[in-house]
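In this text, all values refer to a predicted model and were calculated from it rather than measured experimentally.
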Amino acid sequence: MSFFAEKRREVMLHIEKYMLEMMPTYLKPIDTNWQPSDFLPDSTSETFYQDIKALREKAQDLSYDLVAVLIGDTITEEALPTYESWLAMVEGVSRDEQGGWMKWNRHWTAEENRHGDLLNKYLYLSGRVDMRQMEISTQYLIADGFDIGTGHDPYRNFIYTSFQELATNISHRRVASLAKKDGDTLLSKMCGVIASDEARHAKAYKDFISKIFEVDPNEAMLAFEDMMRKKIVMPAHFLREMGMKIGQTFGHFTDAAQRLGIYTAMDYVEIMQQLIEEWKLEGMRDLNEAGEKARDYIMALPNRLIRIAERMKNPTMEYKFSWIHA
Ligand SMILES: [Fe+2]
Ligand SMILES: [Fe+2]
């Protein structure tokens, strides 16, 4: 094993202990955790048809852009097999089935699995969606896979997941409040509980990176810098509709999200600022020259990106997604 990999293994082993202790605060016990059926019409109930009718009536009033964003969010949640296999490939952690990190990965996957289940069932019942087209996009996303620039490095992986869980928290939270405004309280509640899962997950990954900074500040800093230089690319980037290339659908999806203020360029900057604060970059000591340089780059980045974001115009072009019935 290379020196690099050996050091990573040591650090991950060290953090594994902390993670196992803290796991009950980051992930909830299955028996009492919410389940999709807590929110959806009960098909064994006598009021099932009425409940569905009510759900569909509310869903009729959701704006086109909101439905589009919700579908994109659902597809990226449904691509969970990709994330699980990606986390299982992280270097420096034991592949032992009973090992701590594999336990984490499985338990996290179990929680995440409910997100796609819940949203998918809601969309199916809503009557707004061409389910076949949505399912095709889901299959594409899983089958295509995606390269998000982390390699199999645990530091880069957890920096990525810290960022991504924060981003999904924001976007589900905003969909929840827009759904409420449009009068769909059920959808609002659903996205609210998903958002709070994402907040817990974000806390976990942020804490893991904090611990890594404590023991390996230079390498952690270089990993953070590297991910920031590459830019955090959301899985939604790789969305595509039937007959389209990777990237084409994302442009329209992100336009809709930006128009509604669900996830914007400013949110990206704010997440970065939050991470800089959380990981206490400013007061960090014991950095070598490369570490100092990496920190300087990261610290200067938010202001640069704010200037770019301010120059961005709100996208106006409308687009017809194959996912949504006319
Ligand atoms: Fe999720
Ligand atoms: Fe999550």
Side-chain angles (χ1 to χ4, degrees), residues 26 65-66 68-70 72-73 76-77 83 112 115 148-150 155-181 188 191-210 212-213 220-237 250-251 253-284 294-315:
Y26 298 138
D65 275 348
L66 188 62
V69 171
L70 193 56
D73 286 352
T76 58
E77 292 285 355
Y83 318 124
E112 284 288 347
H115 301 170
I148 43 184
T150 57
Y155 296 7
R156 285 169 176 76
N157 269 256
F158 287 172
I159 288 164
Y160 181 87
T161 46
S162 299
F163 202 104
Q164 205 227 335
E165 296 280 7
L166 284 171
T168 51
N169 167 263
I170 292 173
S171 105
H172 288 306
R173 197 153 32 88
R174 301 250 172 86
V175 172
S177 65
L178 288 172
K180 196 171 176 187
K181 240 195 236 158
S188 174
C191 293
V193 287
I194 294 174
S196 62
D197 276 7
E198 312 294 22
R200 261 189 297 111
H201 301 160
K203 174 92 177 71
Y205 290 117
K206 282 189 296 183
D207 286 356
F208 300 158
I209 292 290
S210 289
I212 292 174
F213 265 115
M221 195 69 80
L222 292 176
F224 191 16
E225 181 206 9
D226 182 45
M227 290 311 295
M228 291 298 101
R229 280 190 191 274
K230 285 174 183 156
K231 288 206 185 79
I232 300 286
V233 178
M234 291 294 140
H237 242 97
F250 175 74
F253 168 75
T254 192
D255 281 357
Q258 180 93 27
R259 263 197 299 271
L260 289 174
I262 288 175
Y263 184 73
T264 67
M266 278 310 285
D267 290 320
Y268 186 96
V269 178
E270 277 165 26
I271 291 173
M272 196 187 306
Q273 285 168 326
Q274 214 181 311
L275 293 177
I276 288 172
E277 226 169 84
E278 178 86 29
W279 294 332
K280 304 188 172 63
L281 257 64
E282 193 152 19
M284 198 167 292
R295 168 169 56 188
D296 290 347
Y297 173 82
I298 299 165
M299 299 291 291
L301 195 53
N303 280 336
R304 274 176 47 201
L305 292 181
I306 286 172
R307 284 198 294 275
I308 296 171
E310 280 169 351
R311 280 200 300 269
M312 272 170 65
K313 291 204 179 66
N314 226 11

So do [Y] and [X] actually touch side chain to side chain, heavy atoms under 4.5 Å?
X	Y	answer
F213	M284	yes
D73	E77	no
F163	M227	no
E198	S171	no
L222	Y155	no
E165	E112	yes
Q164	T76	no
Y268	K231	yes

With rounding to the nearest 0.5 angstrom, report the [atom1] to [atom2] distance, [X] to [Y].
X	Y	atom1	atom2	answer
L66	K181	CG	NZ	10.5 Å
I194	N169	CD1	CG	11.5 Å
M299	I276	CE	CD1	5.5 Å
R200	Y205	CZ	OH	12.0 Å
T161	H201	OG1	NE2	11.0 Å
I159	M228	CD1	CE	7.5 Å

Restricting to salt bridge (Lys or Arg N to Asp or Glu O under 4.0 Å), what partner residues turn up for D226, sequence neighbours left out?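 Listed in chain order: R156, K230.
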I'd like to check the side chain to side chain contact (heavy atoms under 4.5 Å, CB included) partners of V193; sequence neighbours left out, ordered by chain and number.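 Here the qualifying residues are W34, F39.
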Pair I271, I170 - check side chain to side chain contact (heavy atoms under 4.5 Å, CB included), show working. CA-CA 10 Å; I271 291 173; I170 292 173; 3.9 Å; yes
Over 60° means perpendicular and under 30° means parallel, so tell me whether H115 and H172 are parallel, tilted or perpendicular.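 The rings of H115 and H172 stand perpendicular, inter-plane angle above 60°.
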Measure up the H237 and F250 rings against each other and bin them: parallel (under 30°), tilted (30 to 60°), perpendicular (over 60°).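 H237 vs F250 ring planes: parallel.
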Let's go through L275 and L166 carefully: what are the C-alpha distance in whole Å and the side-chain angles of both, what is the deciding distance for side chain to side chain contact (heavy atoms under 4.5 Å, CB included) to 0.1 Å, and is it a yes or a no? CA-CA 10 Å; L275 293 177; L166 284 171; 3.8 Å; yes
E225 and R229: side chain to side chain contact (heavy atoms under 4.5 Å, CB included), yes or no, with the steps? CA-CA 6 Å; E225 181 206 9; R229 280 190 191 274; 2.9 Å; yes
Checking T264 against D267: is there a side-chain donor and acceptor pair closer than 3.5 Å?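 Yes, because at least one side-chain N or O of D267 sits under 3.5 Å from a partner of the opposite role on T264.
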Contact summary for [X] and [Y], nearest pair of heavy atoms:
X	Y	value
M266	A309	SD-CB, 3.9 Å
F253	G72	CE1-CA, 3.5 Å
A202	S162	CB-O, 4.4 Å
S188	A176	OG-O, 2.9 Å
I298	L281	CG2-CD2, 3.8 Å
P315	Q258	CD-CG, 3.6 Å

Quick check against the 3.5 Å criterion: does R295 have a side-chain atom that pairs as donor or acceptor with the backbone of M221?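 Absent.
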Are any of the side-chain nitrogens in K203 or D207 under 4.0 Å away from the carboxylate oxygens of its partner?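 A salt bridge links K203 with D207.
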Keeping to residues at least two apart or across chains, list the side-chain hydrogen bond (donor to acceptor under 3.5 Å, both in side chains) pairs with something in residues 299-310.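 For residues 299-310: none.
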